[in-house]
Every structure is written in C-alpha cells, then in structure tokens.
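Take a look at the structure set out below.
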Amino acid sequence: MYSFSTCWNSHRHTDGRAMLQEIRDLGFQFAELSHGIRVSLLPGVIESVAAGEIKISSLHNFCPLPMGVTSPAPNLYQFSSDRPRERELAERYTLKTIELAARLKAPLVVIHSGSIEMKDYTDKLLDLVARGQRDTPKYEKLCAEYTKKRDAKKEPVFERVKETFKKILPEAESRNVKLGVENRQALEELPIETDCQFLFHDIDSPALVYWHDTGHAQIKENLGFIHHVLHLESLRDHLAGFHIHDVQFPGRDHCAPGSGNVDFAALKPSVKPNHIKVFEFSPALTIDEVNKGIAHIKRLWGD
C-alpha cells in the first residue's frame, strides 16, 4: 500500500474533498490525514471517503487539530509531560483521533511519544556536522554531555509515556486501530532508539506497533547515533509502516527521495507488501519534485 500525506497540501485547501482529490490526481488510492487537518476540512474528507473517491491509510495524531489550533501541532500535548493536565489532554485528543480513524476505516494512527525536557542538543550537533566537525573533541564532548543528561532524566519520563499508552490502547484495540510509535529526528524526543524494544516488551498489545520515518532515522545516522539499516532491522517484527522522505545532509528532511542521502535500496529488505508506505513531503516541493520522488521509490521498492 502506497499512500500520500496531506502534510504536503492541507494548508492550501479549505475543502477537504478538494484536498483529497489533489492526492487522488497524483495517482494514489490512499491518503494519510496528517497533523495539520483543521476541523473545517473534515466534512469534505468524510464525503470523499463515503463516495469511494479515496481511502484513508492512516491518521497522524492529533487529527483533527484541537479547537483553536490552526497549524500542525503534533507535540502540542505530550504523553511524557510531568503536568497531569497536559497528559490528560494528550490522552483526550488521541482518543478523538482513534475515533476518527475508526469512522474512516483507517487501520492506524501515527503517534509522537513525547520528549525529555532539556536544552536543544540536536541543532547544535547538526550545525557542527554541517561544518565538518563531527570527528572532533568538541563534538564528542557535546554528545557525551547530552547522553549523560538524557540518561539521568529519561526513566520517569519513559514511565509516563508507557502509562499513557496503557490508558489509550484498550480503546484502540476495541476499534481495531493500531498505534504506530514513530521514531523521531530530535535527540530530545522519545522513544530513544535503544529503548524501543523495552517499550514493546513492557506493553503487550497487538495494537502497539512501530512506525519508521526514513528521514528521522537518517538524521540520527548523520549525527552518529544509530545505523539506519540496522535500527530498522532490529524492529522488523513490530514494523507496520513508513513515512518516506529524504534528507539533504545533514538535517533537512521531507525532501523528495533521490535528492538526499537516505539509502532506500538498503532499506528494501525490511519493506513488506502489507506495510503502509506513506510519502510525507514538504509543502515546498513542486509537483515535478513530488513525482520524481515517488518514481524513485517505486523503482527501488516496486509498484
């Protein structure tokens, strides 16, 4: 299943049906409703799906956007927060997303798990990599500082994330909707790659699955924190799908496949026909760039 995310075009539409028709015109039978779907777009989305014009492969939490929010905000409320009210809101709006997914017969919701409150190391390290300073004492010192602070803070944060998942998973299971835990590009965000297996071990639910973002993983590889292919292979048993986009070194993501340094051919052995494969492109990409990126993947991964 190939699908196309509305993150590319939702901002320029006021009619959800027209938004999905634009994706249908690209040749897709499936679309992902991304985290920029305003409530005003929903009537057209529902009409399009009811008319059989397109199917919904997945939704990206939070979808629709909470009332009063008009731009993409997937980290607005976090499972990891130490503020109970924020966790309650994250739970509430995730349940609304699950409800909408079931209504649209979408099998999966992509989830951001949260973050550790600490200073921004990701951008500092990316800047050093961009200047060719990855193999320097300064870079190594900053990585060590990040790792030490992360490890000192992560345990209670990770526990809050797991507890929130445990609260919402029964609803997902009852509605036959899977929750895809997405890997993130920022070092401060969760899950930390080395903890992914613990998440699936500690929460025994058929509705909890892994969602692999090719761009995010590549940024982590560019920073030297993971090996992209090996990380994907380690989670193959839990893998449900992909966000597909490329990275222009070291950290500009959501680019068209073939324009950056993601080795999509090396990822192919982990790609299965039953996986949901969603092109998640920047709104800045032109139609020509979009089509070239799609063609690049289909040449490597097959139609």
Side-chain angles (χ1 to χ4, degrees), residues 1-78 88-112 168 170-180 182 207 211 240-245 254 276-287 290-291 294:
M1 181 197 296
Y2 283 110
S3 180
F4 195 88
S5 173
T6 60
C7 73
W8 179 68
N9 69 339
S10 66
H11 68 288
R12 60 174 179 266
H13 284 278
T14 56
D15 178 1
R17 195 166 189 170
M19 173 188 71
L20 291 176
Q21 185 59 49
E22 185 176 24
I23 291 173
R24 189 70 181 87
D25 290 344
L26 289 171
F28 288 90
Q29 298 178 36
F30 294 87
E32 176 176 283
L33 298 181
S34 193
H35 44 56
I37 297 297
R38 306 176 302 281
V39 173
S40 60
L41 291 171
L42 282 186
V45 167
I46 293 167
E47 289 171 7
S48 179
V49 172
E53 295 166 356
I54 202 164
K55 297 176 183 178
I56 304 302
S57 66
S58 42
L59 279 67
H60 196 313
N61 213 29
F62 304 103
C63 181
L65 286 165
M67 291 297 294
V69 182
T70 58
S71 59
N75 298 325
L76 180 64
Y77 306 120
Q78 299 195 27
E88 288 172 11
L89 289 169
E91 181 182 342
R92 177 195 300 176
Y93 286 108
T94 302
L95 290 172
K96 287 180 179 292
T97 304
I98 292 169
E99 179 183 356
L100 180 60
R103 179 177 182 180
L104 296 173
K105 296 181 171 57
L108 187 142
V109 171
V110 179
I111 302 277
H112 289 187
I168 61 179
E171 182 69 13
E173 291 171 5
S174 71
R175 293 182 178 273
N176 199 29
V177 173
K178 295 186 184 301
L179 304 184
E182 183 179 23
W211 187 265
F242 296 83
H243 275 153
I244 304 169
H245 53 104
H254 298 283
I276 304 169
K277 296 171 275 288
V278 181
F279 293 97
E280 192 182 47
F281 290 167
S282 164
L285 295 192
T286 65
I287 287 283
V290 165
N291 286 327
I294 293 166

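In this chain, numbering begins with 1 at the start of the sequence shown.
- Cation-pi geometry between K277 and F242 is not satisfied (NZ or CZ under 6.0 Å from the ring centre, within 45° of the ring normal).
- Annotation: Y77 is in aromatic contact with Y93 [ring centroid separation under 6.0 Å].
- Put simply, the side chain of I168 reaches to within 4.5 Å of the side chain of L179, judged on heavy atoms.
- Residues L26 and I287 form a side-chain contact, since some pair of their non-hydrogen atoms from C-beta on lies under 4.5 Å apart.
- Using a 4.5 Å heavy-atom threshold, the side chains of E22 and H13 count as touching.
- A donor-acceptor contact shorter than 3.5 Å links the side chain of N9 to the backbone of M19.
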(message) If you apply the rule side chain to side chain contact (heavy atoms under 4.5 Å, CB included), what do you find for L100 with F62, and how did you get there?
(response) CA-CA 10 Å; L100 180 60; F62 304 103; over 6 Å; no
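- The environment of CD in E47 is crowded: more than 12 heavy-atom neighbours from other residues, nucleotides or ligands sit within 6.0 Å.
- Between F279 and Y2, the distance from one ring center to the other falls under 6.0 angstrom.
- Residues P43 and V39 come closest through the heavy atom pair CD-O, 3.6 Å.
- Nearest heavy atoms, S71 versus L65: O-CD2, 3.4 Å.
- To the nearest 0.5 Å, atoms OG (S5) and CG (L33) are separated by 8.5 Å.
- Within the 4.5 Å cutoff, no side-chain heavy atoms of Q78 are placed close to those of H112.
- The closest donor-acceptor contact from the side chain of T6 to the backbone of S34 lies under 3.5 Å.
- E32 pairs in a side chain to side chain contact (heavy atoms under 4.5 Å, CB included) with only one of the listed residues (I276, V110, L108, L59), which is V110.
- No option in H60, H35, H254 other than H60 meets the ring-ring contact (aromatic ring centres under 6.0 Å, His included) test with H243.
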(request) Please assess S58 against V278 for the test side chain to side chain contact (heavy atoms under 4.5 Å, CB included), listing each intermediate value before the final yes or no. (result) CA-CA 9 Å; S58 42; V278 181; 3.9 Å; yes
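- No side-chain heavy atom of T14 sits less than 4.5 Å from a side-chain heavy atom of S40.
- Atom SG of C63 sits about 12.5 Å away from atom CD1 of I98, to the nearest 0.5 Å.
- The backbone N or O of E53 sits less than 3.5 Å from a side-chain atom of R24, completing a donor-acceptor pair.
- Pairing each heavy atom of F281 with each of I244, the nearest pair is CE2-O, 3.5 Å.
- In this structure, R17 and V45 have side chains that are not in contact, with every pair of non-hydrogen atoms separated by 4.5 Å or more.
- Heavy-atom minimum distance, L42 versus P64: CD1-CG, 3.7 Å.
- Note that NZ of K96 and CE of M67 are 10.0 Å apart. Values are rounded to the nearest 0.5 Å.
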(message) Using the rule given for salt bridge (charged side-chain N to carboxylate O under 4.0 Å, His left out), can you reason through K178 versus E173, listing the C-alpha separation, both sets of side-chain angles and the distance that settles it, and then say yes or no?
(response) CA-CA 7 Å; K178 295 186 184 301; E173 291 171 5; over 6 Å; no
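- Here the shortest heavy-atom pairing between A207 and A172 reads CB-CB, 4.4 Å.
- Expressed to the nearest 0.5 Å, how far OG of S48 lies from CD1 of I56 amounts to 7.0 Å.
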(request) Apply salt bridge (charged side-chain N to carboxylate O under 4.0 Å, His left out) to the pair E171 and R175, showing each step before the final yes or no. (result) CA-CA 6 Å; E171 182 69 13; R175 293 182 178 273; 2.6 Å; yes
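- Looking at heavy atoms from C-beta onward, P107 lies out of side-chain contact with N176 at the 4.5 angstrom threshold.
- Side-chain atoms of W8 come within 3.5 Å of backbone N or O of L285 as a donor-acceptor pair.
- The neighbour count for N291 CG, taken as heavy atoms of other residues, nucleotides or ligands under 6.0 Å away, is above 12.
- To the nearest 0.5 Å, the span separating CZ on F4 from CD1 on I54 amounts to 10.5 Å.
- Heavy atoms from other residues, nucleotides or ligands lying under 6.0 Å from CZ of R103 number 12 at most.
- For the residue pair S10 and L41, the shortest heavy atom distance occurs at O-CD1, 4.2 Å.
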(request) For I111 and T94, run side chain to side chain contact (heavy atoms under 4.5 Å, CB included): C-alpha distance rounded to whole Å, both residues' side-chain angles, the deciding distance at 0.1 Å, then the answer. (result) CA-CA 9 Å; I111 302 277; T94 302; 3.9 Å; yes
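- Side-chain contact between N61 and P74 is absent, with no heavy-atom pair separated by less than 4.5 Å.
- In this structure, T97 OG1 and I37 CD1 are separated by 11.0 Å, a value rounded to the nearest 0.5 Å.
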